[in-house]
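So that we are looking at the same thing, I have put the structure below in structure tokens.
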Amino acid sequence: MGWMSRFLAAVTFLAIGIIFSPETFGSKSGQPKLTTFLTLAHLLCFSTAWGAALWVTFIGGIIMFKNLPRHQFGNLQSKMFPAYFSILCTCCAISVVAFAYLHPWKSASSTEKYQFGFLLSAFAFNLTNLFVFTPMTIEMMKQRHKIEREENIGEEVGWTKNREVAKVNPKLAAMNKKFGMIHGLSSLANILSFGSLAMHSWYLAGKLNL
């Protein structure tokens, strides 16, 4: 199933949910439609960002690294991460705007102001990754791949051969160090974003009555 088919399927399910919402059958929620729409937008965008971050950070990325040849893994990541951070930025931006509208700063409680800060932080961390760390990481990766191809490594799974060659190749060792620093900053920003979203998930859990 192509991405367009998946998108249309998601929109269809959302439309069905709206058609069969309680308001359709005469049950009034007691709040304006705009408020309901913004609440829905906030929840959908937050849950999308949270789920994507959880999968990429702790599941998908690890599985791919352990099973794909390293250069293939790197090339895949270089295509995936710009899309990943674009989605997170978009979702976090919508969540920030919706939350700010639903909880105006002047009348918001201290807890709500902190939550706005967490959402804004998640957006800022992902924006930094999208426009600063990810392009730098991809460029460093391409340079390192070039050096590794000269040494006939990179088609294996894992870091073992890279580390062995780096011990006798100062150029590769220096590139590993630069890549590690930039990649580390990118990973830190990603984890801080995930942590900010986690704090907001705790806040939302306290608001739900199941």
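Along the sequence shown, the residues carry numbers beginning at 1. As the structure is a computational prediction, the values presented were derived from the model and not from experiment.
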Report the distance from atom OG of Ser186 to atom CD1 of Ile191, rounding to the nearest 0.5 Å.
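These two atoms lie 10.5 Å from each other.
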OG1 of Thr39 to CG of Leu34: how many Å apart, nearest 0.5 Å?
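Between Thr39 OG1 and Leu34 CG, I get 9.0 Å after rounding to 0.5 Å.
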May I ask you to check whether Phe73 and Phe65 place their ring centres under 6.0 Å from each other?
yes
Asn190 versus Asn129, closest heavy-atom pair with distance
N-ND2, 3.6 Å
Is the closest side-chain heavy-atom distance between Met64 and Met80 below 4.5 Å?
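The answer is yes; the side chains approach within 4.5 Å.
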So do Leu127 and Cys92 actually touch side chain to side chain, heavy atoms under 4.5 Å?
no
Phe123 side chain near Val97 side chain, heavy-atom distance below 4.5 Å
no
CD1/Ile182 to NZ/Lys178 distance, rounded to the nearest 0.5 angstrom?
10.0 Å
Would you name the heavy atoms of Lys66 and Val157 that are closest together and state the gap between them?
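In terms of heavy atoms, the two residues are closest at O-CG1, 3.4 Å.
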Parallel, tilted or perpendicular: which describes the rings of Phe116 and Trp105, with under 30° parallel and over 60° perpendicular?
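Phe116 vs Trp105 ring planes: perpendicular.
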Give a yes or no on whether the ring-centroid distance for Phe85 and Phe81 is below 6.0 angstrom.
yes
Please examine the side chains of Glu148 and Arg70, heavy atoms only from C-beta on, and report whether any two atoms are closer than 4.5 Å.
yes
Surrounding OH of Tyr101 (heavy atoms of other residues, nucleotides or ligands, distance under 6.0 Å), is the total greater than 12?
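No, the 6.0 Å shell around OH holds no more than 12 heavy atoms from other groups.
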Thr128 side, atom OG1; Leu192 side, atom CG - distance, nearest 0.5 Å:
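Thr128 atom OG1 to Leu192 atom CG measures 10.5 Å (nearest 0.5 Å).
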Test side-chain contact (heavy atoms from CB on, under 4.5 Å) on His71 and Arg149; report intermediate values, then the result.
CA-CA 9 Å; His71 282 186; Arg149 282 193 293 269; 3.9 Å; yes
Give every donor-acceptor pair under 3.5 Å between a side-chain atom in residues 44-56 and any protein atom, sequence neighbours left out.
| residue | atom | partner | partner atom | Å |
| --- | --- | --- | --- | --- |
| Ser47 | OG | Leu43 | O | 2.9 |
| Ser47 | OG | Leu44 | O | 2.9 |
| Thr48 | OG1 | Leu44 | O | 2.8 |

If you take the centroid of each ring, where Trp contributes its six-membered ring, are Phe118 and His200 closer together than 6.0 Å?
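No - the distance between ring centres of His200 and Phe118 does not fall below the 6.0 Å cut-off.
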